Protein chains: 4
Amino acid sequence: MSPRTENQFEAMRMKSRENIISVAMNLFAANGYHTSSIAQIAKSANISKGLIYNYFASKEELLDAIIKTGFAEIDQMLPPVIESENPRATMVSEIETVFQNYQSNFEFWKFYFQIIMQPKIFEIYAQPLKTFLSEQIVKLSDLFKSICVSHPELKARTLAALLDGIGFHMIIDEDYPLDDVKNFIIHNLIQEEQK
Amino acid sequence: MSPRTENQFEAMRMKSRENIISVAMNLFAANGYHTSSIAQIAKSANISKGLIYNYFASKEELLDAIIKTGFAEIDQMLPPVIESENPRATMVSEIETVFQNYQSNFEFWKFYFQIIMQPKIFEIYAQPLKTFLSEQIVKLSDLFKSICVSHPELKARTLAALLDGIGFHMIIDEDYPLDDVKNFIIHNLIQEEQK
Amino acid sequence: MSPRTENQFEAMRMKSRENIISVAMNLFAANGYHTSSIAQIAKSANISKGLIYNYFASKEELLDAIIKTGFAEIDQMLPPVIESENPRATMVSEIETVFQNYQSNFEFWKFYFQIIMQPKIFEIYAQPLKTFLSEQIVKLSDLFKSICVSHPELKARTLAALLDGIGFHMIIDEDYPLDDVKNFIIHNLIQEEQK
Amino acid sequence: MSPRTENQFEAMRMKSRENIISVAMNLFAANGYHTSSIAQIAKSANISKGLIYNYFASKEELLDAIIKTGFAEIDQMLPPVIESENPRATMVSEIETVFQNYQSNFEFWKFYFQIIMQPKIFEIYAQPLKTFLSEQIVKLSDLFKSICVSHPELKARTLAALLDGIGFHMIIDEDYPLDDVKNFIIHNLIQEEQK
DNA sequence: GATGAATGAGTATTCATTCAT
DNA sequence: CATGAATGAATACTCATTCAT
């Protein structure tokens, strides 16, 4: 009878938008960006093609939203380093977070590794990606410094590369022993301390 | 003029074929598979669209030929492990080969990381890729075993992941300190020995 | 607050309706019928898309209402011929009225020339337009007859065509010497008389 | 067997291109630009939709080609004024050409009057149109000068407006007495001479 | 009355592929 | 062998219109 309130509309919009993003991400991850059509996305989401354009001006903008959402989620997953009394424990917890992330957001990471590498997309996101990578390196560097390790930056770089490489392999090999590798790495880290 | 011999024809065909493969590979690397059209390839190769179909039954088959050619080239790049008396030296030399390869064939690796990740291609080559990865792990495992390290397989896995992760980062960041990272890794490997 | 009376409601409805018509007419004039969307009209009018359908059953019906409103306005603009004792003076005054109209309602005529010619509209209004044209011809014919000119109908036709052609040129050329042309025509008309 | 020659291809292209332009112009004239779809044009021309894009990059470019072709045809129809010994005869022949043009190219003129007035299109072609109009006025002015008439430019302007107005009326009224009007105008022109 | 989310038929455009010559 | 005109199925996107609230 009475028209919907602003809040009601806002809630509807949020729900629809998130639904589209989620469905599209899964499809892009599974079949690729170019091979997933707007029609397919709409069908998977049980909505009309047109609705997608109520939320995203183009397929490319939808992709952008997915990537942005993904980055935001990663940021949330990797909470700011807690200035703990025990920096080594902090680092271990950091690494565990990454692995947990790999496990719980497998679809996103698959999507991410696949999408980010496509030339046109790479061109657009190379800069933010580089920035993101630098920030991670700095963060890890600082942690290593606080443990008084020699060559903290190189140590940080190898750890970052190692983690990304594991993500990469995990996608190629669905039987990847993620937990074993995680424990091995953490074990090594702790052992070094006691050295 | 005497008619061309069977061999001459065959040679011409091969040359044409290789030319198409080379041109298409460059276009795919620069702009992606889906965003490069047969018309573009034909234009770049200075031939007609129709002629491409004399050599490849479809665009997909052309892609397949490109990938196969690429794999063959990788095989040539990575020389067979020399069974040395000093396994640790062998390993160091292996790692150095990889880094050298990264440096001298940067464009090629960029192309490969980009191409291999595209879903359609990934689907087809996930299996061979997984096999290739396994072989590398086994190879490294064996080397680690011969140095009597504990957890040789996990050690192999982390090293492989580390090397791939570095390749990944090197593509993202054109200022990547490849040499520093290489020396750091090798130095660590040797240090461990003396522990 | 007492409930609004029936009349108040009716007045509100009329005002809303007229507002929509006015906004839509401006948009159609500026950007054309097909290139102006209901969404744009609603936005320009500061109302919702749905509301437009409370007043007009379809976009086409809205157009129809605009045209009808426009015709009514034209009727108001062109005052009925004053049956003067001096038909030639009447004719001169008629012509002067048209030119004055062209000058003071330039935007309106521009809109009308543009709108009337669009096929969809033309189809609907070709008949009324033809009728309107015929009436004008008859009116002018009668005037010419009363001045005892030979071929009054053809004279009327050429005068009508001349006036429309001038309107057309005036729209194309913003520097059109409307006054000079007007004086020239009227001067000729008077001269002929004295012949 | 042997491939087609360059000339053969050129001939095919010419034929196809002209066919598309001709069919599209008729459809645009009959139903309007926006209401005629590429699919309709293709169907009317008995070709595939795709073929149209082999010749025109977009619907708008097709429209452009039609208009340019039309202008070119008009130019051919209105041959450069022959410096005759009898300028009045020249003028009569000019006028006769225009009327003949109206009759034989009715479809184009219908299209032209309808299309040119649409806002977006008008914006694009207002300038060339104005230029074209100016040229015609100058041409007619010169002719009038050579007959030693007073106010040659105004005379030229009224004649041009008259001719365009007649074109306009002819489109509105399919029973327009084109021949009568033509004879009347020419008759008047000759009479003036003898005055 | 009033809102704007949702629909779906329709549109321009692309492009791998075929084929007559 | 080689050409490029022609095809047609697929795709992204638009927009008038509906309808639950």
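Numbered from 1 within each chain, the chains take letters A, B, ... in sequence-line order. Everything quoted here is computed from the prediction, not taken from an experiment.
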So how far is it from A:Ser44 OG to A:Ile20 CD1, rounded to the nearest 0.5 Å?
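With rounding to 0.5 Å, OG (A:Ser44) is 12.0 Å from CD1 (A:Ile20).
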Find the distance between OG (D:Ser37) and CD1 (D:Ile41) and round it off to the nearest 0.5 Å.
7.0 Å
Please determine if a side-chain N or O atom of [X] lies less than 4.0 Å away from the OP1 or OP2 oxygen of [N].
{"X": "D:Arg13", "N": "F:dA5", "value": "yes"}
{"X": "A:Arg4", "N": "E:dA2", "value": "no"}
{"X": "A:Ser16", "N": "E:dA6", "value": "yes"}
{"X": "D:Tyr53", "N": "E:dT14", "value": "no"}
{"X": "A:Tyr55", "N": "E:dA6", "value": "yes"}

Of all pairs that satisfy side-chain hydrogen bond (donor to acceptor under 3.5 Å, both in side chains), the ones with a partner from residues 10-27 of chain D, not counting sequence neighbours
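Sorted pair list comes back empty.
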Name every donor-acceptor pair, under 3.5 Å, that has one atom in a side chain of residues 46-54 of chain C and the other anywhere in the protein, sequence neighbours excluded.
unit_1  : atom_1 : unit_2  : atom_2 : d
C:Ser48 : OG     : C:Leu51 : N      : 3.3

Nearest-nucleotide 5' precedence on DNA chain E, B:Ala57 against A:Glu10
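Nearer the 5' end of the strand: A:Glu10.
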C:Thr35 or B:Ser48, whichever maps to the more 5' nucleotide of DNA chain F:
B:Ser48
Any side-chain heavy atom of [X] sitting closer than 4.5 Å to one from [Y]?
{"X": "D:Asn31", "Y": "D:Gln40", "answer": "yes"}
{"X": "D:Phe108", "Y": "D:Met25", "answer": "yes"}
{"X": "A:Phe71", "Y": "A:Ile67", "answer": "yes"}

Are D:Trp109 and D:Phe106 close enough that their ring centres sit under 6.0 Å apart?
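They do not qualify: ring centres at least 6.0 Å apart.
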Interatomic distance where [atom1] belongs to [X] and [atom2] belongs to [N] [whole Å]:
{"X": "D:His34", "N": "F:dC15", "atom1": "NE2", "atom2": "P", "result": "10 Å"}
{"X": "A:Phe9", "N": "F:dT21", "atom1": "CZ", "atom2": "P", "result": "11 Å"}
{"X": "D:Met14", "N": "F:dA5", "atom1": "CE", "atom2": "P", "result": "14 Å"}
{"X": "A:Asn7", "N": "E:dT3", "atom1": "CG", "atom2": "C1'", "result": "14 Å"}
{"X": "D:Glu60", "N": "E:dA12", "atom1": "CD", "atom2": "C1'", "result": "12 Å"}
{"X": "D:Gln8", "N": "F:dA2", "atom1": "CD", "atom2": "P", "result": "19 Å"}
{"X": "C:Ile52", "N": "E:dG4", "atom1": "CD1", "atom2": "C1'", "result": "12 Å"}
{"X": "C:Phe56", "N": "F:dT17", "atom1": "CZ", "atom2": "P", "result": "13 Å"}

Ignoring the backbone of B:Lys59, work out which of E:dT3, F:dA2, E:dA16 is nearest its side chain.
E:dA16
Find the runs of at least 3 consecutive base pairs, i with j, i+1 with j-1 and so on, that include DNA chain E, using Watson-Crick or G-U wobble geometry with both distances under 3.5 Å.
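Output for stems: E:2-21 with F:2-21.
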Classify the nucleic acid contact of [X] as base, sugar-phosphate or nothing, counting any heavy atom under 4.0 Å across all strands shown.
{"X": "B:Lys49", "answer": "base"}
{"X": "A:Ser58", "answer": "sugar-phosphate"}
{"X": "B:Ser36", "answer": "sugar-phosphate"}

Parallel, tilted or perpendicular: which one describes the rings of A:Phe28 and A:Phe111, with boundaries at 30° and 60°?
parallel
Side chain A:Asn54 and base E:dA6 donor-acceptor under 3.5 Å:
yes
Heavy-atom contacts under 4.0 Å between residues 17-25 of chain C and DNA chain E, which residues?
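Under 4.0 Å from DNA chain E: no residue of residues 17-25 of chain C.
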For DNA chain E, what residues of residues 38-47 of chain B have any heavy atom nearer than 4.0 Å?
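Per residue number, the list reads B:Ile38.
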Should A:Phe56 and A:Ile21 be marked as a side chain to side chain contact (heavy atoms under 4.5 Å, CB included) after you check the CA-CA gap, both sets of side-chain angles, and the distance that decides it?
CA-CA 10 Å; A:Phe56 307 97; A:Ile21 284 185; 3.7 Å; yes
Nearest atoms (heavy-atom pairs only) where A:Leu27 meets A:Ser36:
O-OG, 3.3 Å
Shortest non-hydrogen contact from D:Lys110 to D:Ile171?
CA-CD1, 3.7 Å
Quick one: salt bridge (charged side-chain N to carboxylate O under 4.0 Å, His left out) pairs with a partner in residues 51-66 of chain D, sequence neighbours left out?
D:Asp64-D:Lys68
